[in-house]
Undergrad: 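What follows is a structure written as structure tokens; I'll ask about it next.
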Amino acid sequence: MRILYILTSLGIGGAEKQVVAVAGRMAARGHSVALLVLKHAPEECPTKLPVLRLNISKTPLGILRGLRFAGKFVALFHPDILHSHTFPANIFTRLLRLSLSRQASPPVVINTIHNIYEGGRHRMLLYRLTAMQADAVTAVSTAAAERFIKLHAVSRNKISVLTNGIDIDTFTPDKKTRRSTRSLMQTGNAFVWLAVGRIVPAKDYPNLLQAFTQIQRTHPEAILWIAGEGDPAALTGSEINLNNPSVQWLGLRHDIVQLLDAADAYVLSSAWEGMPLALGEAMAMEKPVVATDAGGVRELVGEAGIVVPRSDSEALANAMLKVMAMNEWQRKVMSRSARARISQQFSMQAKAAEWESLYVQLTRKGTS
């Protein structure tokens with residue numbers, strides 16, 4: 001098969017990492033694969049696959065030009081599948097499909113939704129108005145799928161759930177890496193919590209900072225690492241203390257595996273999510289996890305971690321304290337069950353096979 005993945009950008013984010021990983025697996029399985037991105041990002045997910053960057057401006061003329069260039073590339077590449085991800089790319093791909101409608105056998109269009117929130121009612125209206133241009137829609141969690149059905153953005157008979165996959169070979173704990181990274185980060189014997197994600201409202205870092213303040217009342221030596229792109233000064237709220245020396249803002253990092261190795265536990269404080277990739281990676285790395293009940297978090301964690309209500313810093317702090325109060329054996333049982341859950345239900349190898357099966361099914365249906 002010939003597969004063209006269409007993304008808003010290749011910026012360092014969960015959706016982008018997932019698409020690049022799946023695309024790489026498809027290429028390794030012998031399919032012809034290329035990527036098309038709507039705009040450039042200062043930092044991009046690395047890939048050896050061919051990439052066409054449209055650098056579209058947010059104007060009607062810019063979109064029309066982007067569609068024209070994309071149409072020319074499609075004519076050269078002859079994809080069987082157009083698989084887009086996140087709202088801007090999903091709508092762009094539907095418009096592209098409309099422009100290709102005169103072809104004898106236009107490519108199959110698949111849209112993927114990566115979050116329970118992709119914008120307000122105007123965006124949901126656009127999804128409804130262009131629904132006929134998508135052959136299938138997938139969501140990364142049941143929670144996301146059900147929300148878009150409820151909003152009448154997608155019909156129930158067109159949407160299915162195909163969750164994110166984790167490369168369990170890459171995300172494997174290593175004691176030597178743990179020791180060297182902790183030494184480099186000068187943690188000593190402190191209990192280290194790690195959170196990964198861009199500094200955006202969805203991640204609700206004020207909730208996490210309030211919870212960590214409560215933790216320090218009984219564990220003043222505890223450390224919180226926050227790895228993610230963005231400026232902490234953009235966070236608002238009188239209760240936020242950005243000068244806490246125990247909270248280390250690490251910025252955008254390319255050594256997440258090493259940071260996970262070095263940390264003692266992982267925390268997610270999000271207000272909304274699709275199915276957070278970093279949380280699954282932490283579970284694969286045998287980390288005890290505490291997470292808010294956002295989007296598909298409960299579907300991912302199951303009984304292998306602690307899930308608490310969103311926007312409840314006291315509940316989040318109590319769950320984190322519970323993990324810290326566990327002895328080494330109790331934490332090991334919890335963390336090993338987390339890796340086992342990822343290996344059995346969310347491995348990238350299994351998810352790549354599911355995507356390939358869906359592609360085959362849809363292309364056969366389109367030619368029948």
Side-chain angles (χ1 to χ4, degrees), residues 1-58 62-100 103-114 133-136 138 140 162 164-167 169-170 252 254 277 348-349 351-360 362-363 366:
M1 278 182 292
R2 303 180 69 81
I3 309 166
L4 180 60
Y5 291 94
I6 303 177
L7 303 88
T8 304
S9 79
L10 277 175
I12 308 295
E16 293 81 4
K17 283 178 62 179
Q18 187 68 189
V19 176
V20 168
V22 171
R25 293 285 179 135
M26 292 299 111
R29 287 168 176 254
H31 302 292
S32 296
V33 177
L35 303 173
L36 184 151
V37 297
L38 306 188
K39 62 182 182 180
H40 174 73
E43 288 270 359
E44 294 188 334
C45 293
T47 179
K48 295 180 180 180
L49 297 169
V51 180
L52 173 65
R53 295 172 176 83
L54 297 178
N55 294 326
I56 294 176
S57 61
K58 292 183 179 180
I63 294 169
L64 288 173
R65 285 175 176 170
L67 287 168
R68 186 174 73 249
F69 283 118
K72 290 179 179 179
F73 182 74
V74 167
L76 291 171
F77 187 62
H78 295 294
D80 302 296
I81 298 281
L82 299 179
H83 187 177
S84 62
H85 298 260
T86 70
F87 175 82
N90 288 343
I91 294 298
F92 180 86
T93 304
R94 292 181 180 194
L95 296 175
L96 178 60
R97 167 64 177 275
L98 186 62
S99 71
L100 302 172
Q103 291 186 3
S105 23
V108 169
V109 169
I110 304 171
N111 301 150
T112 293
I113 294 167
H114 284 265
Q133 302 306 320
D135 297 291
T138 67
V140 297
L162 209 162
N164 287 336
I166 307 297
D167 185 345
D169 293 327
T170 298
L252 178 63
H254 300 283
L277 191 62
M348 177 54 76
Q349 182 176 354
K351 297 304 170 184
E354 288 182 40
W355 279 119
E356 187 176 48
S357 177
L358 179 62
Y359 295 160
V360 170
L362 289 171
T363 52

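Heavy atoms only: backbone and side chains are in, while hydrogens, waters and symmetry mates are out.
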Undergrad: Looking only at heavy atoms, which two atoms of Pro46 and Val20 are closest? And how far apart?
TA: O-CG1, 3.6 Å

Undergrad: Please report the closest heavy-atom contact between Asp167 and Thr170, naming both atoms and the distance.
TA: OD2-OG1, 3.0 Å

Undergrad: Would you call Leu82 and Ile110 a side-chain contact if the rule is heavy atoms closer than 4.5 Å?
TA: no

Undergrad: What's the shortest heavy-atom distance between Lys39 and Asn55, and which atoms?
TA: C-OD1, 3.8 Å

Undergrad: Check the surroundings of atom CZ in Phe77: do more than 12 heavy atoms from other residues, nucleotides or ligands lie under 6.0 Å from it?
TA: yes

Undergrad: Can you name the nearest heavy-atom pair linking Ile56 to Gly62, along with the distance?
TA: CG2-O, 3.6 Å

Undergrad: Within the 4.5 Å heavy-atom criterion, are Thr47 and Leu35 side-chain neighbours or not?
TA: yes

Undergrad: His31 and side chain to side chain donor-acceptor pair (under 3.5 Å): which single residue from Arg25, Glu356, Arg2 fits?
TA: Glu356

Undergrad: Check whether any side-chain heavy atom of Leu277 sits under 4.5 Å from a side-chain heavy atom of Lys17, and report yes or no.
TA: yes

Undergrad: Quick one: are Lys351 and Leu162 in side-chain contact, heavy atoms under 4.5 Å?
TA: yes

Undergrad: Would you mind checking if Arg53 and Glu44 are paired as a salt bridge, meaning a charged N to carboxylate O distance below 4.0 Å?
TA: yes

Undergrad: Any side-chain heavy-atom pair from Val74 and Leu76 closer than 4.5 angstrom?
TA: no

Undergrad: Under the side chain to side chain donor-acceptor pair (under 3.5 Å) rule, what pairs show up with a residue in residues 105-114, not counting sequence neighbours?
TA: His83-Thr112, Ser84-Asn111, His85-His114, Arg94-Asn111, Thr112-Thr138

Undergrad: Given side chains that start at C-beta, do those of Met26 and Met1 come closer than 4.5 Å, heavy atoms only?
TA: no

Undergrad: Show the atom names and distances, to 0.1 Å, of all donor-acceptor pairs under 3.5 Å that link a side chain in residues 4-11 to residues at least two apart or in another chain.
TA:
unit_1	atom_1	unit_2	atom_2	d
Tyr5	OH	Tyr359	OH	2.9
Thr8	OG1	Thr86	OG1	2.9
Ser9	OG	Gly11	N	3.1

Undergrad: Taking the side chain as everything from C-beta on, heavy atoms only, tell me whether Gln133 gets closer than 4.5 Å to Leu100.
TA: no

Undergrad: Distance from Ser32 atom OG to His78 atom NE2, nearest 0.5 Å?
TA: 12.0 Å

Undergrad: Measure the shortest side-chain to side-chain distance between Thr363 and Ile81 over non-hydrogen atoms and say whether it is less than 4.5 angstrom.
TA: yes

Undergrad: Would Leu52 and Val37 satisfy side-chain contact (heavy atoms from CB on, under 4.5 Å), going step by step from the backbone distance to the final call?
TA: CA-CA 6 Å; Leu52 173 65; Val37 297; over 6 Å; no

Undergrad: For the side chain of Ser357 and the backbone of Ala353, is there at least one donor-acceptor N/O pair under 3.5 Å apart?
TA: no

Undergrad: Take Met348 and Gln18 through the side-chain contact (heavy atoms from CB on, under 4.5 Å) test and state the conclusion after the steps.
TA: CA-CA 9 Å; Met348 177 54 76; Gln18 187 68 189; 3.5 Å; yes

Undergrad: Looking at Gln349, I want to see if its CD is surrounded by more than 12 non-hydrogen atoms of other residues, nucleotides or ligands under 6.0 Å.
TA: no

Undergrad: Between Phe92 and Leu54, is a side-chain contact (heavy atoms from CB on, under 4.5 Å) present by the stated rule, with each step listed?
TA: CA-CA 12 Å; Phe92 180 86; Leu54 297 178; 3.7 Å; yes

Undergrad: Going by side chain to side chain donor-acceptor pair (under 3.5 Å), name the pairs with one or both residues in residues 65-74, residues two or more places apart or in two chains.
TA: none

